[in-house]
Amino acid sequence: MDAVSGIGPAVGIGWAFAILLFLLSLCGGGKADIRRRAGLALAGVIAAAGAALYSHDVINLPAICGLLILGAAAGWLIGRVVPPALLPLVLIGLMGLAGSGSVCAALAMWRNPHAFGLLDASGAALTGGAALLLTLQSGFGSMAVVGAVSAGWARRGSGAVSLMLASLVGWSAAASGFLLGNLPLVVAGGLAGSTGLVMALRLCRAVNRKRLADARRGP
């Protein structure tokens, strides 16, 4: 469960640079600053992807690159075909799928902890830390699934809901990363969790301020 074992300095610097870019993309505000922040976020994604690719064996790179290309093509197709009004619901559905995947991974670890190295020294039971992280992973993932199903059933997709579900999925992935000793998964999950939560709170505050201003203005 050591998340920093086997991580070289180049990979660490790459992830630190990606984190810095993501944090800078959260700074500032206003519509005039959106393009700069979006550029910083995109640069952070590229830096994180580069660090993740560099940390893997060369033999796995073709498969990883192929999956990245397929994912990018699917995202581009969804953005082109799906009407903008339905994009929040699509994102909510994708977050629900990600949450269900995290729950299934946690169940697999519960059923066969020996295969993942989660047993204590006696080899008879889970370690306390592993049990706590599995509970967090399955809990956050389950909340994401329930939230996605509820929002889809009510057909009320919004940016705040999508961001909050992304935050839950991110924290679930971070817990899984700690369990597996996977630093990229810890960093990516932590970034998704914290960024989604911060942006959802900002969006909710902006909506509340607009409603209060409309109420004070009157009919």
Side-chain angles (χ1 to χ4, degrees), residues 18 22 25-26 34 37-38 41-42 44-45 48-49 52 64 67-111 116 130-180 182 184-208 210-211:
F22 278 119
S25 69
L26 295 177
I34 291 178
R37 294 164 60 189
L42 179 59
V45 171
I64 296 174
L67 291 174
L68 286 174
I69 293 173
L70 287 175
W76 178 84
L77 184 63
I78 291 174
R80 296 280 294 182
V81 174
V82 177
L86 295 180
L87 281 177
L89 284 176
V90 173
L91 292 175
I92 287 172
L94 293 175
M95 292 301 104
L97 288 176
S100 63
S102 186
V103 171
C104 290
L107 291 176
M109 296 180 196
W110 278 112
R111 287 182 58 85
F116 297 92
L132 175 61
L133 289 171
L134 277 175
T135 303
L136 291 175
Q137 179 183 347
S138 57
F140 285 129
S142 299
M143 286 190 286
V145 173
V146 172
V149 171
S150 301
W153 184 267
R155 294 186 178 275
R156 291 187 177 180
S158 65
V161 174
S162 302
L163 290 169
M164 188 59 67
L165 293 179
S167 176
L168 292 172
V169 172
W171 293 125
S172 182
S176 178
F178 274 112
L179 278 169
L180 301 176
N182 190 320
L185 188 57
V186 173
V187 174
L191 284 173
S194 58
T195 304
L197 180 61
V198 170
M199 297 304 293
L201 292 176
R202 283 188 175 184
L203 189 58
C204 290
R205 284 198 295 266
V207 172
N208 289 334
K210 184 177 182 300
R211 288 177 178 175

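Predicted model, so just to flag it, every value in this text is computed and none were measured.
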> Might you point out which heavy atoms bring Leu136 and Ala175 nearest each other, and give the distance in Å?
CB-CB, 4.4 Å
> Quick one: does Ser167's side chain have a donor or acceptor within less than 3.5 Å of a partner on Gly193's backbone?
yes
> For the residue pair Gly189 and Ala173, what are the closest heavy atoms and their distance?
CA-CB, 4.2 Å
> What residues, two or more places apart in sequence or in another chain, satisfy side-chain contact (heavy atoms from CB on, under 4.5 Å) together with Met109?
Phe116, Leu118, Leu134, Gln137, Ser176, Leu179, Leu180
> Throw together a table of side-chain donor-acceptor distances under 3.5 angstrom for residues 84-102, partners on residues two or more places apart or in other chains.
from	atom 1	to	atom 2	distance (Å)
Ser100	OG	Gly96	O	3.4
Ser100	OG	Leu97	O	2.6
Ser102	OG	Ser172	OG	2.3

> Just grab all the side chain to side chain donor-acceptor pair (under 3.5 Å) pairs involving residues 75-88, residues at least two apart or on different chains.
none
> Measure across Ser142 and Ser138 and return the closest heavy-atom pair with its distance rounded to 0.1 Å.
OG-O, 2.7 Å
> Would you say that Leu201 contacts Leu197 through its side chain, given a criterion of any heavy-atom pair below 4.5 Å between the two side chains?
yes
> Nearest 0.5 angstrom please: Met164 CE to Met143 CE, how far?
10.5 Å
> What heavy-atom pair brings Ala151 and Val161 nearest, and what distance separates the two atoms?
CB-CG1, 4.2 Å
> Roughly how far apart are Thr135 OG1 and Phe140 CZ, rounded to 0.5 Å?
11.0 Å
